[in-house]
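Encoded as C-alpha cells, the structure appears first; notes follow it.
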Amino acid sequence: MPPNPAMKAPLHRPAVPSWAEHESQMTEPNKLTHHGVPDHQPASGGIAARARAAATPQYLAGLNPEQREAVETLDGPVLVLAGAGTGKTRVLTCRIAHILSQGRARPGEILSVTFTNKAAREMKLRLGHMLGQAVEGMPWLGTFHSIGGRILRTHAELVQLKSNFTVLDVDDQVRLLKQLLAAENIDDKRWPARMLAGLIDGWKNRGLNPAQVPPGEAAVFGNGKGGKLYASYQERLKILNAADFGDLLLENIRLFREHPDVLRQYQNRFKFILVDEYQDTNVAQYLWLRLLSQAPSKACAPPLTSPRLRGEVDARSASGEGDSRQTVLVEAPPHPDPLPASGAREQIAPPGMTPAAPPKNICCVGDDDQSIYGWRGAEVDNILRFEHDFPGAKVIRLERNYRSTGHILAAASHLIAHNEGRLGKTLRTEDVDGEKVTVTGAWDSEEEARAIGEEIEELQRGGHKLNDIAILVRASFQMREFEDRFVTLGLPYRVIGGPRFYERAEIRDALAYLRVINSAADDLAFERIVNVPKRGLGDATVQMLHDHGRKRRIPLFEAARAVVETDELKPKARGSLRDLLASFDRWRAQREVTSHTELAEIVLDESGYTEMWQKDRSADAAGRLENLKELVRSMEEFENLQGFLEHISLVMDREGSAEDDAVSLMTLHSAKGLEFDNVFLPGWEEGLFPSQRTLDEQGRAGLEEERRLAHVGLTRARRRAKLYFATNRRIHGTWSTTIPSRFLDELPAHNVEITESKGGSGWGGASGYGPSRFDNVESFGSSYATPGWQRAQANRARGQSGRHGQAGGGFNESQSPFSSRSDAGGSSRSKRGPMVIEGELIAKSTGTTSEFSLDDRVFHQKFGYGNIVKIDGNKLTIAFEKAGEKKVVDSFVERA
DNA sequence: TACTACTCCCTTTTT
DNA sequence: GGGAGTAGTA
C-alpha cells in the first residue's frame with residue numbers, strides 16, 4: 001500500500017516561470033469563459049460592462065451578500081473577519097477569480113499567501129475547479145515561506161547567499177548551535193542549544209536581526225552571550241550558504257530595506273495581495289506584507305528611504321532602545337515583561353500614510369477568535385488593529401455559519417464571549433438546533449477512552465462513517481490512550497499531525513547525501529551522514545575534520561580530502577573515509593549522466609544506507625524503507641536535483657490517505673480549518689485544558705488563547721460535539737485528581753446536556769454538575785454484537801490492523817479485545833482481565849488453529865521480528881527481539 | 001568506537 | 001511512564 005499517495009500530486013514544482021507563456025493569453029478577454037467564469041472586456045466600460053453587471057457571474061451566484069461584498073470590493077484595503085465555517089476559503093478563491101475575470105490583474109500580479117502548504121494547495125485546487133488550468137499560472141500563491149524563499153533565491157547575492165542555498169530544518173539548526181556553544185565554552189547542559197534555537201526563532205518571528213534584539217533580552221541566554229551567539233549563528237549560516245525558516249522572511253525584509261529598487265519591482269508587480277489566516281501573522285510577516293503593500297514609489301519617495309517609514313519599521317522591530325514591544329491593543333493582559341506598554345504601535349502606522357502612498361489592494365482574511373498560535377509569535381494584534389494600520393480599510397464580517405447546528409454554535413459563541421480582547425462577531429446559523437452539546441464525566445482517562453470508543457461504535461452502528469468522526473485533544477500525550485483503546489477494539493484510526501515526512505530520520509539522512517552531492521560545502525549534511533551507516537568514523541574523526549576545517553577555513557568535505565592524504569587518522573578510519581570521498585566523487589560524476597531519481601537510488605544503494613535498514617530488525621524498518629521509496633518517487637515531480645532540494649524542505653508534507661474509513665485523532669491545533677460531523681473533545685479539565693502552563697506563563701492572555709482553542713474545537717463539529725472530562729488522569733506517570741475545566745462552566749446551560757456516563761465512579765460536585773456514579777458497567781464488556789468484535793474478526797481474516805497498515809494491532813494481556821471487561825466503579829483498577837477467560841473466548845470464537853508452527857520467525861507491525869515460542873489455537877506467544885515476549889493473535893503477524 | 005545504563009523532563013507546531 | 005539524550009564502560 002502506498003503510504004503516502006497524497007504526496008505525489010501536490011508537491012510544488014520548481015518555480016519555473018511557466019506563466020510567462022500563458023500571460024499573453026490572459027489579455028484575451030474570453031480566455032476564462034469555459035469553466036463558468038464569464039468573459040469580460042478589459043476595462044472598457046460601456047455596454048459590455050453593463051451587460052456584465054446585469055448577469056451575475058456564476059462564481060458569484062452562490063455567495064451571500066457579505067461574502068459577495070468581500071469578493072467584489074477590490075479597491076483599497078479590506079479586512080474580512082470570517083468566523084468559523086463562514087466560507088472563508090470560498091471568499092478568497094472567488095475573489096481571485098473575480099480579479100482575473102474582471103481583467104484587473106493577471107495571475108502573475110496577484111500575491112496570495114497562506115500559512116500552510118495544505119491551505120495553498122486547497123486554494124489552488126479550488127481555483128482550478130473555477131478557472132480550469134489557469135491556476136498553473138498562479139505563481140505567487142503559496143506560503144509566506146515558500147514565496148519569501150523564492151524571492152530570496154532570485155536575489156540571493158544581495159543578502160550574501162548563493163541562489164542554491166540550503167534551507168535548514170530545526171535539527172540542522174540545533175546541531176549548528178551546539179557547535180557554536182562549544183566554541184564559546186558554554187555548558188550546553190545549562191544552556192541547551194534547543195533553547196537558543198527557540199530564542200532565535202522568536203527574535204526572527206519578531207523581525208529582529210542580531211543588532212536589534214534588546215540587550216536585556218539577548219543577555220538572558222548563556223550568561224549574556226545570547227546576542228553574540230545569534231550574530232555568529234547568522235555568520236555561520238552565510239558561510240554554509242544556508243538559511244533557516246525565519247531567514248526566509250527576515251532576510252527578505254532586509255533585502256527589501258537595503259535594496260529599494262528590488263522592493264519597488266515587487267510592489268509594481270503585485271496589484272493585489274491576499275492573506276489567509278491573518279490572525280496568525282507574526283511581526284516579521286506583518287512587516288513583509290507592509291513593505292509589499294505600499295504603493296510603488298512613483299507617487300512618493302522610495303518607501304524605505306522615507307524617514308517616516310523607516311521609523312515605522314524600526315519601531316516595529318525594536319532597535320534595541322528598550323521600547324521594543326508592540327503594546328497589546330485591547331487591554332493589555334498582565335505581562336511578565338516590564339517593557340513600557342506605551343504607544344510603540346502608534347508610530348507604526350501614522351495616519352498620514354495614506355495620502356502620499358495609498359495602500360495597495362490588500363485583502364486580509366482572518367478570525368481573531370481562532371488565533372491560537374500566539375505562543376509561536378503570532379500577533380492577534382495585527383488583526384485587531386488592521387483598520388488602524390490600513391486607513392480607510394473596509395471591514396466585512398462574515399457571521400453566517402454554514403457548518404454547525406444551532407446548539408453547537410450557541411455553545412461556541414457563548415464560550416468565546418468570555419474573551420475580552422476580540423473584535424466581536426456573532427455567528428449565526430439557519431440550521432436546525434440539532435443535538436445539544438454533551439458533557440460527560442469519566443472516572444479516569446482510561447475510562448474516558450473506553451466511553452468514547454463505545455460512542456464511536458454506537459455511531460458506527462447508526463451508519464456513520466468513521467471519516468466523519470474526530471477526536472481532538474489538547475496535548476498529544478492524550479492520544480496514546482485512544483490509540484491503545486482503538487488498537488484493542490480494532491477500530492481504524494489515523495493520527496493527523498505528528499512528525500512530518502521530511503522530518504523523519506531516514507528522509508533527512510537521504511536528503512543529507514543528496515545535499516552533499518549538490519553542495520560540498522554543506523557541512524551539516526556531511527556531518528549527518530559521515531557515519532551513517534556506521535563506517536567507524538566516530539566523534540573523534542569528525543572532531544578532527546572540524547579542527548582542520550576551521551584552521552584552514554574550508555568545508556568539512558574538503559578537510560576530509562586533505563586529511564586522508566595524511567596519516568593523522570588510524571588506517572581503518574582513513575580507509576573508510578577515503579572510500580566515502582571516492583563515492584561522493586563518483587556520484588557527482590554520475591549526476592551529469594543519470595537522472596536525479598536514478599542517482600538517488602544509486603546513492604542510497606551504494607552508500608549502504610538501504611542495506612542498513614534492511615538489516616535493521618526493529619519494527620519500523622520496513623516503513624522507513626517504504627518512505628525512502630516514496631522519497632525517490634516524489635523526486636520525479638522535479639526537474640533536477642537542485643530543484644528538488646530547493647523545495648523539499650518547504651513544501652514536502654505528508655497527508656494521511658483519506659481513502660480508508662478511519663477515525664481522525666489529532667490535537668486541537670491541527671484541527672483548525674477542518675470539520676467533522678461528530679467531534680469528541682476529551683480532557684476538559686483544569687490544568688490540562690486550559691493548560692496550567694499557559695496560564696502560568698501567559699496569564700490572562702494565555703487563558704484567552706486557550707478559550708479560543710476551545711472555540712476552535714467546538715466549531716469543528718457539524719452535528720455533534722461531545723465533551724469529556726476525567727476525574728483522575730495520569731500526568732507524567734503519576735495519577736492525579738483533576739477538576740472539570742472552567743470552560744465547561746462557561747457553556748450555556750440551555751445548549752448543553754450533562755450525560756450520565758455509563759460507568760465509573762464519582763467526580764465531585766465541584767463544577768456544579770453534581771455527583772454521579774458510574775456503575776452500569778456491562779456495556780463495556782465484550783459483546784459479540786459490537787462493531788469492534790466484528791472488525792476484529794474481519795481484521796483477523798484480512799490479517800491486518802487499523803492504522804494505515806502501519807502501527808499494528810495485536811495485543812498482550814493488558815490490551816486484549818477480549819479482556820476489556822471494565823472493573824470501573826472501584827478505585828482498584830486492575831488492568832488485565834483474567835487470562836483464562838480470554839483464552840476460552842478466543843478458542844471459542846475463532847475455532848481455527850494457527851497456520852504457524854513453533855519457532856517460526858515472524859514479523860509484527862508494532863513489535864518487530866520474533867520467534868514463536870508457544871501456540872495456543874490462533875494465539876501465539878512470540879519472543880520479540882526488541883519488544884520481549886508478547887501474546888499476539890496470529891492474524892497480526894506475518895511470516896518473516 | 002559502540003553499546004548500555006541512568007537521568008531528566010515532560011503543551012500546542014508551521015515553515 | 002517513557003523517550004531522548006548523555007555518561008560511562010567494554
Side-chain angles (χ1 to χ4, degrees), chain A residues 12 113-120 142-149 167-170 173-174 178 187-189 192-195 198 201 204-205 243-250 276-277 280-282 284-285 371-378 445 472-481 484 496-500 502-503 505 531 533-543 569-570 572-573 576 647-654 666-673 683 687-698 702 705-706 708-710 712-713 729-735 831:
Chain A
H12 278 222
V113 274
T114 63
F115 274 82
T116 63
N117 291 308
K118 197 174 152 197
T143 63
F144 277 100
H145 294 267
S146 67
I147 290 173
V167 178
L168 298 188
D169 60 36
V170 188
Q173 235 176 314
V174 169
K178 269 190 182 152
D187 178 14
D188 74 343
K189 262 270 146 52
R194 230 159 238 294
M195 181 197 271
D201 208 49
K204 289 186 173 177
N205 283 158
D244 63 18
F245 283 117
D247 282 345
L248 296 179
L249 284 165
L250 194 57
D276 191 14
E277 306 277 18
D280 286 338
T281 49
N282 60 36
Q285 285 154 343
S371 161
I372 55 176
Y373 286 109
W375 52 272
R376 67 172 196 217
S445 43
L472 312 182
V473 297
R474 175 72 220 332
S476 48
F477 71 81
Q478 290 172 264
M479 289 188 193
R480 183 178 305 149
E481 242 142 349
D484 282 354
I496 314 259
R500 328 242 124 237
Y502 74 89
E503 280 170 0
N531 201 28
K534 299 251 184 297
R535 299 188 175 90
L537 301 170
D539 293 346
T541 312
V542 173
Q543 194 51 52
L569 285 173
K570 290 196 201 106
K572 212 175 127 203
S576 89
H647 285 254
I648 199 66
S649 50
L650 291 180
V651 149
M652 192 96 166
D653 67 355
R654 184 184 56 151
M666 69 191 97
T667 63
L668 286 161
H669 282 91
S670 40
K672 193 164 89 166
L688 176 61
F689 191 33
S691 145
Q692 191 56 49
R693 187 161 159 185
T694 303
L695 261 39
D696 292 345
E697 288 172 7
Q698 319 283 336
E705 183 153 312
E706 294 283 304
R708 289 194 290 268
L709 202 48
V712 166
R729 187 172 294 275
R730 193 167 43 206
I731 300 168
H732 312 327
T734 42
W735 285 96
K831 278 177 153 184

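Proteins come first, then strands; the chains are lettered A, B, ... in the order of their sequence lines, and each starts at number 1.
- A:Asp280 comes within 4.0 angstrom of no nucleic acid atom, judged by non-hydrogen atoms across all strands.
- Residues A:Leu709 and A:Gly246 both approach DNA chain B. Their nearest nucleotides, taken by heavy-atom distance, put A:Leu709 toward the 5′ side.
- For A:Arg474, counting side-chain heavy atoms from C-beta on, the closest listed nucleotide (B:dT14, C:dG1, B:dT12) is B:dT12.
- Within 4.0 Å of A:Ala573, counting heavy atoms only, lies no atom of the nucleic acid at all.
- The distance from atom CZ of A:Arg194 to atom C1' of C:dG5 is 11 Å, rounded to the nearest whole Å.
- Set against B:dC10, B:dT1, B:dT14, the side chain of A:Ala540 has B:dT1 as its closest nucleotide.
- In this structure, the side chains of A:Asn282 and A:Tyr373 stay at 4.5 Å or more apart for every pair of heavy atoms.
- In this structure, A:Gln698 CD and A:Glu706 CD are separated by 9.5 Å, a value rounded to the nearest 0.5 Å.
- Ring stacking holds between A:Trp375 and B:dT12, with the centres under 5.5 Å apart and the planes within 30 degrees of each other.
- Taking 4.0 angstrom as the limit, A:Asn117 places a side-chain polar atom (N or O) nearer than this to OP1 or OP2 of B:dT15.
- Contact annotation for A:Gln173: no contact, since no heavy-atom pair falls under 4.0 Å across all strands.
- Taking the side chain of A:Arg730 as heavy atoms from C-beta on, and the options B:dA2, C:dG1, B:dT14, the nearest nucleotide is C:dG1.
- Here the P atom of nucleotide B:dT12 and the CG atom of A:Asn205 are 18 Å apart, to the nearest Å.
- Summarising the geometry, the separation between CD on A:Gln285 and C1' on B:dT14 is reported as 9 Å, rounded to the nearest angstrom.
- Separating the CD1 atom in A:Ile147 from the CG atom in A:Leu248 is a distance of 12.0 Å, to the nearest 0.5 Å.
- Atom-to-atom, CG of A:Asp539 to P of C:dT6 comes out at 11 Å; the value is rounded to the nearest Å.
- No contact: A:Asp169 has no heavy atom under 4.0 Å from any strand.
- Toward the 5' end of DNA chain B, the nearer of the two residues A:Leu248 and A:His669, judged by each one's closest nucleotide, is A:His669.
- An OP1 or OP2 oxygen of B:dT1 is reached within less than 4.0 angstrom by a side-chain nitrogen or oxygen of A:Thr541.
- Here A:Ser146 does not reach the OP1 or OP2 of B:dT15: none of its side-chain N or O atoms lies under 4.0 Å away.
- Look at the C1' atom in both B:dT12 and C:dG5: the space between them is 23 Å, to the nearest Å.
- Across the protein-nucleic acid pair, A:Met479 atom CE and C:dG3 atom P stand 16 Å apart, rounded to whole Å.
- Side-chain nitrogen and oxygen atoms of A:Thr667 include at least one within less than 4.0 Å of the OP1 or OP2 phosphate oxygen of B:dT13.
- Taking every side-chain heavy atom of A:Phe245 into account, B:dT15 is the closest of B:dT14, B:dT15, B:dT12.
- Closest to the side chain of A:Ser670, out of B:dT15, B:dT13, C:dG1, is B:dT13.
- Remark: C1' of B:dC10 and CD of A:Gln478 are 14 Å apart, rounded to the nearest angstrom.
- Distance, A:Phe477 CZ to C:dG3 P: 15 Å, rounded to whole Å.
- Within the nucleic acid shown, A:Thr734 has no heavy atom closer than 4.0 Å to any nucleic acid atom.
- Note that CG of A:Asp244 is 9.0 Å distant from CG of A:Leu250, once rounded to the nearest 0.5 Å.
- Each of B:dT15, B:dT1, B:dT13 was ranked by its minimum atom distance to the side chain of A:His145; first place goes to B:dT15.
- When the shell of 6.0 Å around CG of A:Asp696 is examined, it contains more than 12 heavy atoms from other residues, nucleotides or ligands.
- Atom-to-atom, CG of A:Leu249 to C1' of B:dT14 comes out at 12 Å; the value is rounded to the nearest Å.
- A perpendicular orientation is assigned to the rings of A:His669 and A:Trp375, their planes being inclined by more than 60° (bins at 30° and 60°).
- How far NZ of A:Lys672 is from CG of A:Leu472: 14.0 Å, rounded to the nearest 0.5 Å.
- The shortest distance between the side-chain N/O atoms of A:Asn282 and the OP1/OP2 oxygens of B:dT15 is not below 4.0 Å.
- Contact annotation for A:Arg480: backbone-only contact, meaning every heavy-atom pair under 4.0 Å involves sugar-phosphate atoms and none involves a base.
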